[in-house]
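Below is one structure, written out as C-alpha cells, with a few remarks after it.
A, B, ... follow the sequence lines: proteins, then strands. Residue 1 opens every chain.
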2 protein chains.
Amino acid sequence: MDNEARKLREYEQRLRDEGVRITRPRRAILQILSQAADHPDAMELFRRALAIDPTISLSTVYRTMKLLEDKGEIQRHAFAGGPARFEQAAGEHHDHLIDIDTGDVIEFHSERIEQLQDEIAHRLGYDIVHHRFELYGCRRKRK
Amino acid sequence: MDNEARKLREYEQRLRDEGVRITRPRRAILQILSQAADHPDAMELFRRALAIDPTISLSTVYRTMKLLEDKGEIQRHAFAGGPARFEQAAGEHHDHLIDIDTGDVIEFHSERIEQLQDEIAHRLGYDIVHHRFELYGCRRKRK
DNA sequence: ATGCAAATGCAAATCGTTTGCAACTGGAAA
DNA sequence: TTTCCAGTTGCAAACGATTTGCATTTGCAT
C-alpha cells in the first residue's frame, strides 16, 4: 500500500479546495512532508526538496511552511536554541521530549498534564490559547 | 528597609567570591536586576542601564547576562516569538504563564506537574536535564 | 603607584528568517 | 488551446537578536 502517495494526494486536494495553487516547489515540499517521520527544520527541508526540484529556493521553503501553517496542515515548533522545526499537523495533540545529545524528538501525550494546565490557568484567571511543554533530556544510562 | 540595596551587595559579594570583577557597567546591571520585579529583555535592560551609566553598550549587556547566567545568578527564558527575557535566579523553581495581549509574565508552580514530568521521562527511558513549560493565554473575560 | 589580564565600546559579522522586486506560471476563462 | 493575470517564484538585500574581533580602557592584586 502506498500510504505516502495517498497522503500527498490528500494534501493537494485539501489545499486546492482552499484555493491554494499547487506549484512545482509546493508539490516537492508536500511530497517531502508526506514521507517525513521526523521534525526537520527549514534548511533540512530545503536540502530534501533540492533532490526533487533543483530550482527551489530557501525563501520558497519558508514561504510555503508559513502558508501550510496558516492552513493548519503543519505545526511549527521552536525548540530551545535552534531553528524552527516542522511536523505534519495530522494526529492528535502531543508534547515533545528532545534528546539533548542527538536532537531526536520523541512525542508523548499525557491527559493528566492537559488537565493540570487548564486547572492552573483557570486558577490564575486565564484562558489558555496554546502552550509549550518540552522536556530536554538524555537517554538514561543503564546502570 | 532597603531590600534592593541588600540584594545588590549580595550579588556583588557572591560574584567577587567567584573571581568576577565588579566593573561600572556590571554594577549598573546588578542594580537594575536587584530592583526588577519583571522579566525584561536585553534591550529593556540596556535602556534602564543607560539611565545609570550613559556609556554602557548593548554588547556589554549581552555579555554580562551570559556571565550571570553561567554563574547561576539569573535565568534566561526564550518565550515564543520574542527576544530572550531574564529574571533573577533566586527563589524556587517555577513555570510561566504569558499574557498574550500584554506580554506580562505570571509565575506559578505545580508539584504535580513536576512529578508527571519525571514519570513521563522515566517511562520513555530518559533523564530530564531541564524542561520548558509555558502557558500562553489571555485574561478570562467576565461573563 | 604600577602592571597586566580582563572587560569595554564600537562596528562588523553571524544566524535564522523575511521581504522587495522583476520575471515566471498555474489554471480559470474564452 | 490559447490567453491572461493574479499569485508565485528566485534572487539578493534587509531584518532582528545576538555574538564577535579588535584596539582601548580599567579593575584590582602587587
Side-chain angles (χ1 to χ4, degrees), chain A residues 9 11-32 39-71 73-86 103, chain B residues 11-32 39-47 49-71 73-86 103:
Chain A
R9 256 181 287 116
Y11 267 131
E12 293 195 12
Q13 195 50 61
R14 278 196 304 272
L15 290 170
R16 278 211 161 82
D17 290 349
E18 294 216 62
V20 172
R21 280 197 196 170
I22 304 303
T23 64
R24 207 151 73 90
R26 282 178 185 170
R27 212 189 317 271
I29 290 173
L30 291 176
Q31 182 182 328
I32 289 164
H39 299 65
D41 60 29
M43 188 53 77
E44 175 60 24
L45 287 169
F46 178 50
R47 257 181 251 113
R48 298 184 194 177
L50 278 180
I52 301 175
D53 172 3
T55 74
I56 200 173
S57 78
L58 182 55
S59 0
T60 294
V61 172
Y62 276 110
R63 279 191 277 234
T64 302
M65 296 325 276
K66 170 89 90 79
L67 173 76
L68 295 179
E69 193 187 1
D70 291 347
K71 296 300 182 185
E73 295 293 334
I74 61 162
Q75 270 185 261
R76 170 191 306 255
H77 301 291
F79 299 133
R85 300 171 64 170
F86 307 91
Chain B
Y11 268 130
E12 294 196 11
Q13 194 51 58
R14 277 195 305 273
L15 289 169
R16 278 212 160 81
D17 291 348
E18 294 216 62
V20 172
R21 281 196 195 172
I22 304 303
T23 64
R24 208 151 73 91
R26 283 177 184 171
R27 212 189 315 273
I29 290 173
L30 291 176
Q31 181 182 330
I32 289 163
H39 298 66
D41 61 28
M43 189 51 79
E44 175 60 25
L45 287 169
F46 178 51
R47 256 181 252 113
L50 278 179
I52 301 175
D53 172 1
T55 74
I56 200 172
S57 78
L58 181 54
S59 2
T60 294
V61 173
Y62 277 110
R63 278 191 277 234
T64 302
M65 296 326 274
K66 170 88 90 78
L67 174 77
L68 295 179
E69 191 187 4
D70 291 346
K71 296 300 182 188
E73 295 293 334
I74 61 162
Q75 270 184 261
R76 173 192 304 256
H77 301 291
F79 298 133
R85 299 172 63 170
F86 306 91

For [X] and [N], give me the distance from atom [atom1] to atom [atom2], rounded to whole Å.
X	N	atom1	atom2	value
B:Met65	D:dA17	CE	P	16 Å
A:Glu18	D:dT8	CD	C1'	18 Å
B:Arg76	D:dT19	CZ	P	6 Å
A:Leu68	D:dT8	CG	P	12 Å
B:Phe46	D:dT19	CZ	C1'	15 Å
B:Leu58	C:dA12	CG	P	16 Å
B:Leu45	D:dT18	CG	P	11 Å

Which residue lies more 5' along DNA chain D, comparing B:Lys66 with A:Gly19 via nearest heavy atoms: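 Counting from the 5' end, the first nearest nucleotide belongs to A:Gly19.
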Return the 5'-most residue of the pair B:Arg63, B:Ala84 with respect to DNA chain D, ranking by each residue's nearest nucleotide.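 Nearest nucleotide further toward 5': that of B:Ala84.
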May I ask you to verify if any side-chain N or O of [X] is less than 4.0 angstrom from the OP1 or OP2 atom of [N]?
X	N	answer
B:Thr55	C:dG9	yes
A:Arg26	D:dT8	yes
A:Tyr62	C:dT17	yes

For B:Arg14, salt bridge (charged side-chain N to carboxylate O under 4.0 Å, His left out) partners two or more places apart: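 Once residues adjacent in sequence are excluded, the partners of B:Arg14 under the salt bridge (charged side-chain N to carboxylate O under 4.0 Å, His left out) criterion are B:Glu73.
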Is the backbone of A:Arg21 close enough, under 3.5 Å, to the side chain of A:Arg26 for a donor and an acceptor to pair up by distance?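 Indeed, once roles are kept as given, a pair shorter than 3.5 Å links the two residues.
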Of the listed nucleotides D:dA17, C:dT17, C:dG9, the one nearest the side chain of B:Ile56: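 Taking heavy atoms from C-beta onward, the closest nucleotide is C:dG9.
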Are the charged groups of A:Glu44 and A:Arg47 less than 4.0 angstrom apart, N to O?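 The answer is yes: the pair qualifies as a salt bridge.
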Matching residue for B:Ile29 among B:Val61, B:Leu45, B:Asp53 - test: side-chain contact (heavy atoms from CB on, under 4.5 Å):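 Single side-chain contact (heavy atoms from CB on, under 4.5 Å) partner of B:Ile29 among B:Val61, B:Leu45, B:Asp53: B:Val61.
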Between protein and nucleotides 27-30 of chain D, what N or O pairs are separated by less than 3.5 Å?
{"unit_1": "D:dG27", "atom_1": "N2", "unit_2": "B:Arg21", "atom_2": "NH2", "d": "3.2"}
{"unit_1": "D:dC28", "atom_1": "OP1", "unit_2": "B:Ile22", "atom_2": "N", "d": "2.9"}
{"unit_1": "D:dC28", "atom_1": "OP2", "unit_2": "B:Arg16", "atom_2": "NH2", "d": "3.3"}

Paired with C:dA5 by Watson-Crick or G-U wobble geometry, both distances under 3.5 Å: which nucleotide is it?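 Its partner is D:dT26 (Watson-Crick or G-U wobble, both distances under 3.5 Å).
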